[in-house]
Amino acid sequence: MSTSHYSPTLINAWRSPRLVYRAIEDNPTDRHTLWTFFDKDPTSIAMASLRPLNPQPMAFVQRLYEHAHMLHIRVFICLPPSDSDIAQWEGLIQEKAEKSGLTATLDVEKLKGEFPRPEPKPIGVVTLLPPMGDEERHHRNAMIGVGIGAEWRGKGYGGEAVDWVLDWGFGRLGLHRIWLAAFEYNERACRLYRKLGFVEEGREREAVLYERKWWDMLRFSMLEGEWEALRAQQKEAKGEKGADGKMEE
């Protein structure tokens with residue numbers, strides 16, 4: 001079926017300019033990836049968690065799966081395969097086909113099953129958590145959780161993922177308020193959230209002990225109307241029409 005009559009925002013619903021987003025599967029590979037991001041790296045624990053700075057076994061990841069049903073969305077932030085990766089894979093398939101004397105389309109497709117096309121590479125996680133308990137969901141609030149693996153920090157991927165989940169939450173889920181929290185000592189995160197348009201709405205004073213010093217926990221939020229106005233301004237700056245901030249279908 002042709003997709004030409006569908007809007008780009010629908011066709012690319014699980015993409016942002018440089019990233020793609022995929023479901024987190026319950027398999028050993030994805031479990032190990034989650035453990036690497038959140039439990040093997042002390043900086044991830046210190047910057048985004050209130051729990052003690054203890055090494056954790058991979059079995060500890062089970063808690064993330066037990067709570068998955070409570071989330072609006074929980075996805076891996078991924079880098080798509082590069083053009084060179086795809087070209088190398090296509091060259092490999094062609095080389096294997098020629099050596100094996102394969103010419104039929106079906107045979108080549110079987111060969112691709114043996115040597116799969118390069119997959120997007122997970123570099124982080126983004127989640128959207130509703131209030132605890134179904135009786136509170138009508139308030140249409142949710143909290144963002146985001147984490148980027150150490151190797152890929154400082155490249156703007158976290159901000160891009162937060163922007164994407166804002167659009168998903170407001171534009172597709174119909175939320176009214178989205179919020180997140182950051183520790184006072186995580187200055188990079190606080191700067192990023194302000195830059196993205198979040199409003200600092202309060203802080204819990206000296207709520208976090210870090211390196212033998214007490215720090216505040218800051219809370220940031222964005223409202224549906226603020227998101228619409230922000231996206232309209234961004235579209236206008238790009239010279240795009242129809243700057244109403246709403247997702248197209």
Side-chain angles (χ1 to χ4, degrees), residues 1-25 30 33 68-83 85-86 117-131 137-149 152-153 155-180 189 192-199 220-249:
M1 178 184 294
S2 173
T3 60
S4 60
H5 62 288
Y6 295 125
S7 70
T9 55
L10 178 57
I11 295 171
N12 298 304
W14 301 329
R15 300 183 65 94
S16 57
R18 298 177 298 166
L19 303 169
V20 296
Y21 306 88
R22 75 158 175 88
I24 299 174
E25 303 291 349
D30 282 7
T33 301
H69 68 283
M70 302 169 61
L71 301 173
H72 284 313
I73 194 169
R74 181 193 68 159
V75 293
F76 273 135
I77 304 164
C78 302
L79 288 175
S82 66
D83 292 341
D85 290 336
I86 298 299
R117 179 186 175 91
E119 294 287 337
K121 180 179 183 59
I123 63 169
V125 174
V126 63
T127 64
L128 201 55
L129 175 68
R137 289 192 179 226
H138 66 285
H139 296 299
R140 293 161 54 199
N141 279 245
M143 179 184 71
I144 293 175
V146 61
I148 300 292
W152 299 280
R153 292 174 193 155
K155 302 179 186 298
Y157 296 136
E160 184 173 330
V162 170
D163 257 346
W164 175 82
V165 84
L166 281 171
D167 290 347
W168 191 90
F170 286 127
R172 302 202 176 275
L173 200 60
L175 295 176
H176 177 68
R177 175 178 173 272
I178 296 178
W179 67 279
L180 41 68
L192 172 63
Y193 301 150
R194 293 187 179 100
K195 180 180 178 182
L196 292 176
F198 284 89
V199 176
F220 300 87
S221 71
M222 187 180 295
L223 303 179
E224 182 181 9
E226 294 168 342
W227 167 77
E228 290 177 343
L230 179 62
R231 293 295 182 262
Q233 292 171 3
Q234 292 170 341
K235 285 187 175 182
E236 185 177 357
K238 293 179 180 179
E240 298 179 11
K241 296 182 180 180
D244 58 3
K246 298 184 183 297
M247 303 295 290
E248 299 177 2
E249 291 296 349

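Every heavy atom of this structure was used, including side-chain atoms; hydrogens, water molecules and symmetry mates were not. For clarity, every value in this text was computed on a predicted model and none was experimentally measured.
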Stepwise side chain to side chain contact (heavy atoms under 4.5 Å, CB included) check, V126 with V162: CA-CA 8 Å; V126 63; V162 170; 5.5 Å; no

Tell me if a side-chain donor or acceptor on [X] pairs with a main-chain N or O of [Y] at a distance below 3.5 Å.
X	Y	result
R15	Y21	no
E226	L223	yes
R140	G174	yes

Please report the shortest heavy-atom distance between [X] and [Y], naming the atom on each side.
X	Y	answer
G169	I178	CA-CD1, 4.1 Å
L19	A161	CD1-N, 4.4 Å
G158	V146	O-CG2, 4.4 Å
M143	L180	CG-CA, 4.3 Å
I148	R153	O-NE, 2.8 Å
L175	A142	CD1-CB, 3.6 Å

Less than 4.0 angstrom from a charged side-chain N to a carboxylate O is my criterion; do [X] and [Y] meet it?
X	Y	result
E160	R18	yes
K195	D163	no
K121	D85	no
R231	D167	yes

Pairs of donor and acceptor atoms involving the side chains of residues 69-79, under 3.5 Å and at least two apart or interchain, shall be tabulated with distances.
residue : atom : partner : partner atom : Å
H69     : ND1  : E66     : O            : 3.2
R74     : NH1  : L64     : O            : 3.2

Could you give me the CA-CA distance, side-chain angles and deciding distance for I24 and V125, then say whether side chain to side chain contact (heavy atoms under 4.5 Å, CB included) is met? CA-CA 9 Å; I24 299 174; V125 174; 4.2 Å; yes

Report the distance from atom CG of L192 to atom CZ of F220, rounding to the nearest 0.5 Å.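 Going from CG on L192 over to CZ on F220, the span is 9.5 Å.
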
Quick one: pull up CG in L166 and CG in L230 and give me the separation to the nearest 0.5 Å.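 Output value for this atom pair is 8.5 Å.
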
Taking the six-membered ring for Trp and the full ring for Phe, Tyr or His, determine whether the centres of F170 and W227 are under 6.0 Å apart.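 Yes.
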
F198 and Y193 aromatic ring geometry - parallel, tilted or perpendicular at 30°/60° bounds: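 Y193 and F198: perpendicular rings.
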
Beyond-backbone contact of Y157 with I123, side-chain heavy atoms, under 4.5 angstrom: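 Side-chain contact under 4.5 Å: yes.
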
Sequence-distant partners of E119, side chain to side chain contact (heavy atoms under 4.5 Å, CB included), two or more places apart: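 Listed in chain order: nothing, the list is empty.
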
